[in-house]
Amino acid sequence: MQQGATVSTSGAARELLRRLPAVDVLVETPAIVEAAGDLPRPFVVDVVRDLLDEVRTRLLAGEAPFEAPSGNAALTDELAQAAAERLQAARRRFLTRVVNATGVVLHTNLGRAPLSAAAVQAVTDVAVGYSNLEYVVDAGRRGSRHDYCETMLTRLTGAEAAMVVNNNAAAVLLVLSALAHDREVILSRGEMIEIGGSFRIPEVMEQSGCVLREVGTTNRTHLHDYERALNENTAAILKVHPSNYKISGFTATVSASELAPLARRHGIPLIEDLGSGVLVRTERYGLVREPTVQESVAAGVDVVTFSGDKLLGGPQAGIIVGRKDLIEQCKAHPLARALRVDKMTLAALQATLAAYLDGDVEQIPIYAMLNTPVERLRERARAIVEAVAEVVGVGAALQIEAADTRATVGGGSLPGATLPSAGVALRPHTAHRWTLDELAAALRRGLPPIVGRIEGDVFLLDLRTVHPDDDELIARRLVELLGEDHDGSSDEVSSELEATP
Ligand SMILES: *Cc1c(COP(=O)(O)O)cnc(C)c1O
């Protein structure tokens, strides 16, 4: 029995080996052309060749990697389908757009703030050709990229001067390097924070060559703690906004407006890392109060740093605003060159700042999302559920319904703050083959990937962070997924070969 089976498999294998299509033929099939998208041709050829090599190796080893159809065209189709899945997986390993259905508005892993249409247009305008990035057009001479966005930033924040670098981590590094190298910087123990990744305030201070002078305790720091630490080697007082955590209970911190006169009396700058750096009142968007950049400047902080892609809603950037003489020192420091931004960032930031100046904050996608009434999100969720139920006739496989959820701001902003939201909730029945993780993975597998979140025993697609234009895509992908699940007849070859890495 055993013997006979092996002999007949290898007989079929030999026959199959002869019938395998050539790489060139497979590459031109519509399924592969479509799945390949913009992938460079050599990558596509590699994927197809690897697949054929694998099939060949397994056939030669006497295995039957799949149930081969009898017709040659059908065989080519089956292999093309398997290659198409691998090509999609390859595309997902390149930088690509994703649908953020996590309900986390500023998701650092998903690229933080989406850009406004005006910002995208501004990027295109300067990117397709040349620009006056470092050129003073009227004078016909060399200029500085550090001067862009400065007028807008000073106007918006009330500061004397401004500059833009790669991100807020870079801004803190530059400011400390330029203003406090080899000297002491006073910092409260309650503000010795880690932002995530490898950004820890004490380590950034060490990197910038300044000496950390810790004062106070984790929960309580007083003005006299700062006063006592001041000496002739003090370069600055640093305040760090604890943007990603909250200490409550028996606490005391010293505000910027209390520290400013102390710093001034001793002739040293007060520096503040604001983290998110918001320009509008967050209470208006149903969020807890986040200190604004304007408030810091008005409180007498000499140098304020913040991110471009957190609650500002622009491109990744680090913004430094403050006293002109101090900003000049930062611009002149050698690190400014290493940390400089390119023309696309400046263009996007300029357009984002223009929306604030025009009083048209809703142009900025994160504010449009934050401002969407929850009733509107509920309607969209119901429409998706209806569209899916209509086609699939759900019920058996899993329960799908519109549900109220809580969205969060994220991105190390406003810790613990949530806002009402709504979305689509999928609850697999216990007897069913989907687990929550499999459901989540299946939605991530398409292009663009859809990323949701698991909460208890449901998989949620939170619509607060989904552009309404993507609702149809979500409905279509759910139909595909649940429809395929219903008849249970997913392609034999593709599911077999998909399992091999
Ligand atoms: C987010 C954050 C940073 C880092 O900002 P990036 O723009 O991500 O580099 C630094 N400090 C604080 C307080 C932050 O919240």
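All figures in this text were calculated on a predicted structure; none of them were measured in a lab. Counting starts at 1 for both ligands and their atoms, following the listed order.
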May I ask you to decide whether E401 forms a salt bridge with R382, counting only side-chain N to carboxylate O separations under 4.0 Å?
-> no
Is the shortest N/O to N/O distance between D309 and ligand 1 below 3.5 Å?
-> no
Would you indicate whether R289, at its atom CZ, is surrounded by more than 12 heavy atoms from other residues, nucleotides or ligands within a distance under 6.0 Å?
-> yes
Working to the nearest 0.5 Å, report the span between CZ of R444 and CG of D437.
-> 8.0 Å
Using the ring of F250 (Phe, Tyr or Trp, six-membered ring only), decide whether R220 places NZ or CZ under 6.0 Å from its centre and within 45 degrees of its axis.
-> yes
Check whether any N or O atom of L274, backbone or side chain, sits under 3.5 Å from an N or O atom of ligand 1, and answer yes or no.
-> no
Listed partners of F43 passing ring-ring contact (aromatic ring centres under 6.0 Å, His included), at least two apart = F94
Heavy-atom contacts with G275 under 4.0 Å: which atoms of ligand 1 show up? List them by number with element.
-> 12 (C), 13 (C), 14 (C), 15 (O)
H241 N/O under 3.5 Å from ligand 1 N/O = no
May I ask whether R112 has any heavy atom positioned less than 4.0 angstrom from an atom of ligand 1?
-> yes
Output the list of atoms in ligand 1 that are nearer than 4.0 Å to some heavy atom of S307, sorted by atom number.
-> 5 (O), 6 (P), 7 (O)
Donor-acceptor under 3.5 Å (T234 side chain, L230 main chain) = no
So for K310 against ligand 1, with non-hydrogen atoms under 4.0 Å, the contacting part is side chain
Report the member of N168, T108, I193, N166 with the shortest heavy-atom distance to atom 4 (C) of ligand 1.
-> N168
Just wondering, more than 12 heavy atoms not from R281 lying within 6.0 Å of its CZ?
-> no
Report the part of I195 (side chain from C-beta onward, or backbone N, CA, C, O) that has a heavy atom under 4.0 Å from ligand 1; answer both or neither where that applies.
-> side chain
